[in-house]
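Notes follow once the structure below has been shown.
Each chain gets a letter, A, B and so on, in the order its sequence line appears, and its residues count up from 1. The shown structure was predicted, so the numbers you read here are calculated from the model rather than taken from an experiment. The figures that follow rest on heavy atoms only: side chains count, while hydrogens, waters and symmetry mates do not.
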There are 2 protein chains.
Amino acid sequence: MITLYIIDDHPLVAGGIYMMLKDVNYIHICGTARNGKEAMEFLETNEPDIILLDISLPDTDGLQLCEQIRQKNKQSKILGLTSANDASIITQMLHRGANGYLLKNMERDELLEAIDRVLNGKIFLSKSANEKVLEQYASVNSALEDKPALTRREKEILDLLNEGLKGPAMAEKLFLSPYTVETHRKNLMQKLNASSTQQLLKTAREKGLL
Amino acid sequence: MITLYIIDDHPLVAGGIYMMLKDVNYIHICGTARNGKEAMEFLETNEPDIILLDISLPDTDGLQLCEQIRQKNKQSKILGLTSANDASIITQMLHRGANGYLLKNMERDELLEAIDRVLNGKIFLSKSANEKVLEQYASVNSALEDKPALTRREKEILDLLNEGLKGPAMAEKLFLSPYTVETHRKNLMQKLNASSTQQLLKTAREKGLL
DNA sequence: TATAAACTACCTGAATTCAGGTAGAGATAA
DNA sequence: TTATCTCTACCTGAATTCAGGTAGTTTATA
């Protein structure tokens, strides 16, 4: 018997999920909560197999709540629930311990598949959520066309900057003068139009140079 | 009639794909190449609808070739082909202009679906490739457990550091003294055990704080 | 009310970065 | 051989960061 807990401030959602699962005899809805406080109280003494977590709750940030649940509860599989579809939120949820992500317009089949996959240790995203995540990579395609040409040495310095090394440490590592390292860093800044190292690294990441 | 071009150094692969598609009357295999040089020569005067690109070629780096093809050829849909399954390669291929990614152990159905989806403007990854990409997010789950507690202000400063702002600019933006900003940055460095801002940002990213 | 954490602000001095240059040597292609 | 690009190295001076502290005020909680 799989236990499932629903955290959502809209009774409609809990009701809809109940209707979807009422004749699935291996899944038991063991409770619902309307806000984070209520949820954490329940989870103090219970460990459901599946937690459906609305990421837009009235009293708390869904990302934070996900993290809190994960820290207290290592076993449950957390499925994020939302009406919106934002790659950044999705990936942050995964970072913070969620095992999957569903849209509230899901069909019954999708919910059952999600439950099955996460219980089998996989990550499940709804189709459109999955597309959003992938698009974030492809969305920098247009950046390719004006990618500046870096020299071999410049790439080397960029990588070391990205590792967090300071000028003198890089110079020592590469058997160069600190002045030389500084010159390469300056050239990089000019090529990527940056006025600080942080900006340089940020731009380089955006352009797929790192 | 959809034209498809195969770039792979193994005749087995081209042959296998030919067998898969020989009775698909809307797809025409317009050629094959065994290395990057040969491929670029063909693509100088041809623009197939689909390009299947082996990422391990004898004469060139598949990622670079992907990029070169994309820069010369805006319309074709590029599907990466590989025997291995590495999230980093996958995402880099997408960065560099690929529209999808297939494993060489694909079934005919999967190849047809991939072709269909990329021609419809979607990104297609084989199931296991897709899992690899998602796992890279979840793979930092374990970092959650020793995540340092940052104050609200510290998070704010961290975000601004990540945007590339310098101390005085942050102070101005937040209506604080530069000394105050510097103190928060120092506290962050201590909490994350860093001795430069670059290190701080790197560690913060690794721990999912950014 | 008392306490602790967070926030704010400051100091000194050293190290590093940033900005604007200069210039010679080595490697490569025409 | 010449021209060009890359690499190496240097200078000055200003700005910023880093490192080690100090201390008062505000906020939230018990």
Side-chain angles (χ1 to χ4, degrees), chain A residues 35-37 40-41 44 59-61 64 67-68 71 146-205 209-210, chain B residues 37 60 64 146-205 209-210:
Chain A
N35 59 51
K37 189 167 180 297
M40 291 309 294
E41 278 166 10
E44 200 70 49
D59 69 328
T60 188
D61 170 11
Q64 276 199 336
E67 192 174 332
Q68 280 166 24
Q71 285 182 355
D146 58 351
K147 184 152 66 162
L150 302 187
T151 65
R152 288 191 56 180
R153 205 51 137 174
E154 281 164 357
K155 279 170 189 156
E156 203 168 16
I157 299 288
L158 191 62
D159 284 339
L160 292 179
L161 283 172
N162 193 40
E163 281 173 33
L165 268 69
K166 296 182 188 182
M170 282 192 271
E172 192 178 331
K173 183 164 186 157
L174 300 174
F175 304 103
L176 301 175
S177 155
Y179 290 112
T180 304
V181 168
E182 193 57 25
T183 301
H184 287 305
R185 196 192 53 81
K186 252 187 314 191
N187 293 336
L188 281 163
M189 304 267 264
Q190 275 169 12
K191 284 188 179 181
L192 296 194
N193 193 32
S195 57
S196 73
T197 304
Q198 278 81 261
Q199 261 188 34
L200 172 64
L201 293 171
K202 184 171 192 286
T203 302
R205 267 194 303 273
L209 296 169
L210 280 172
Chain B
K37 189 166 181 293
T60 189
Q64 276 197 340
D146 58 349
K147 183 151 68 162
L150 301 187
T151 66
R152 288 192 56 180
R153 206 51 140 172
E154 282 165 358
K155 280 169 187 159
E156 203 169 15
I157 300 288
L158 191 62
D159 284 340
L160 292 180
L161 282 171
N162 194 41
E163 279 174 31
L165 267 71
K166 297 182 185 180
M170 282 192 272
E172 192 176 333
K173 182 163 187 160
L174 300 173
F175 303 105
L176 301 175
S177 157
Y179 292 111
T180 304
V181 168
E182 192 58 23
T183 299
H184 286 306
R185 196 192 53 80
K186 252 187 316 189
N187 293 336
L188 281 164
M189 303 267 263
Q190 274 170 11
K191 283 187 179 182
L192 296 193
N193 194 32
S195 57
S196 73
T197 304
Q198 279 83 262
Q199 260 187 32
L200 172 65
L201 292 172
K202 185 173 190 287
T203 303
R205 270 194 302 273
L209 296 168
L210 281 171

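Taking atom CG of A:Leu161 as the reference point, atom P of C:dT17 lies 8 Å away to the nearest angstrom. In this structure, B:Gln199 places its CD atom 9 Å from P of D:dA19, rounding to the nearest Å. Here the P atom of nucleotide D:dG24 and the CG atom of B:Leu176 are 20 Å apart, to the nearest Å. In this entry the distance linking NZ of B:Lys155 with C1' of C:dC7 reads 15 Å, nearest Å. In this structure, NZ of B:Lys186 is placed 12 Å from P of C:dC11, rounded to the nearest angstrom. We find that CG of B:Asn187 is positioned 12 Å from P of C:dT8, with the value rounded to whole Å. Note: CE (A:Met189) to C1' (D:dT16) measures 12 Å, nearest angstrom. Taking atom CD of B:Glu182 as the reference point, atom P of D:dG20 lies 13 Å away to the nearest angstrom.
Contacts of A:Arg152 with the nucleic acid, taken as non-hydrogen atoms under 4.0 Å apart, involve only primed sugar atoms and P, OP1 or OP2. Residue-level contact check: A:Pro178 touches neither bases nor backbone, having no heavy atom under 4.0 Å from any strand.
The closest donor-acceptor contact from the side chain of B:Gln199 to the backbone of B:Ser195 lies under 3.5 Å.
The side chain of A:Arg153 contributes an N or O atom lying less than 4.0 Å from OP1 or OP2 of D:dT8. Look at B:Thr180 and you'll find a side-chain N or O under 4.0 angstrom from OP1 or OP2 of C:dA9. Phosphate contact (OP1/OP2 of C:dT8, side-chain N/O of B:Tyr179, threshold under 4.0 Å): absent. Residue A:Ser177 has a polar side-chain atom (N or O) positioned under 4.0 Å from OP1 or OP2 of D:dC10. OP1 or OP2 of C:dT8 lies within a sub-4.0 Å distance of a side-chain N or O belonging to B:His184. Residue B:Thr197 has a polar side-chain atom (N or O) positioned under 4.0 Å from OP1 or OP2 of D:dC18.
By the 6.0 Å contact criterion, CD on B:Glu163 is enclosed, its count of non-hydrogen atoms from other residues, nucleotides or ligands being greater than 12.
Residue A:Gly167 is the one, among A:Gly167 and A:Gln190, whose nearest nucleotide of DNA chain C lies closer to the 5' end (criterion: closest heavy atom). Between A:Thr183 and A:Ser196, the one whose closest nucleotide on DNA chain C sits nearer the 5' end is A:Ser196. Mapped onto DNA chain D by nearest heavy atom, A:Lys166 and A:Leu174 fall at different nucleotides, with A:Leu174 at the one closer to the 5' end.
For A:Glu41 and A:Lys37, the salt-bridge test passes: some basic side-chain N is under 4.0 Å from an acidic carboxylate O.
Side-chain atoms of A:Thr151 and A:Lys191, non-hydrogen and from C-beta on, do get closer than 4.5 Å to each other.
A distance of 11.5 Å separates CD in B:Gln190 from CG in B:Leu200, rounded to the nearest 0.5 Å.
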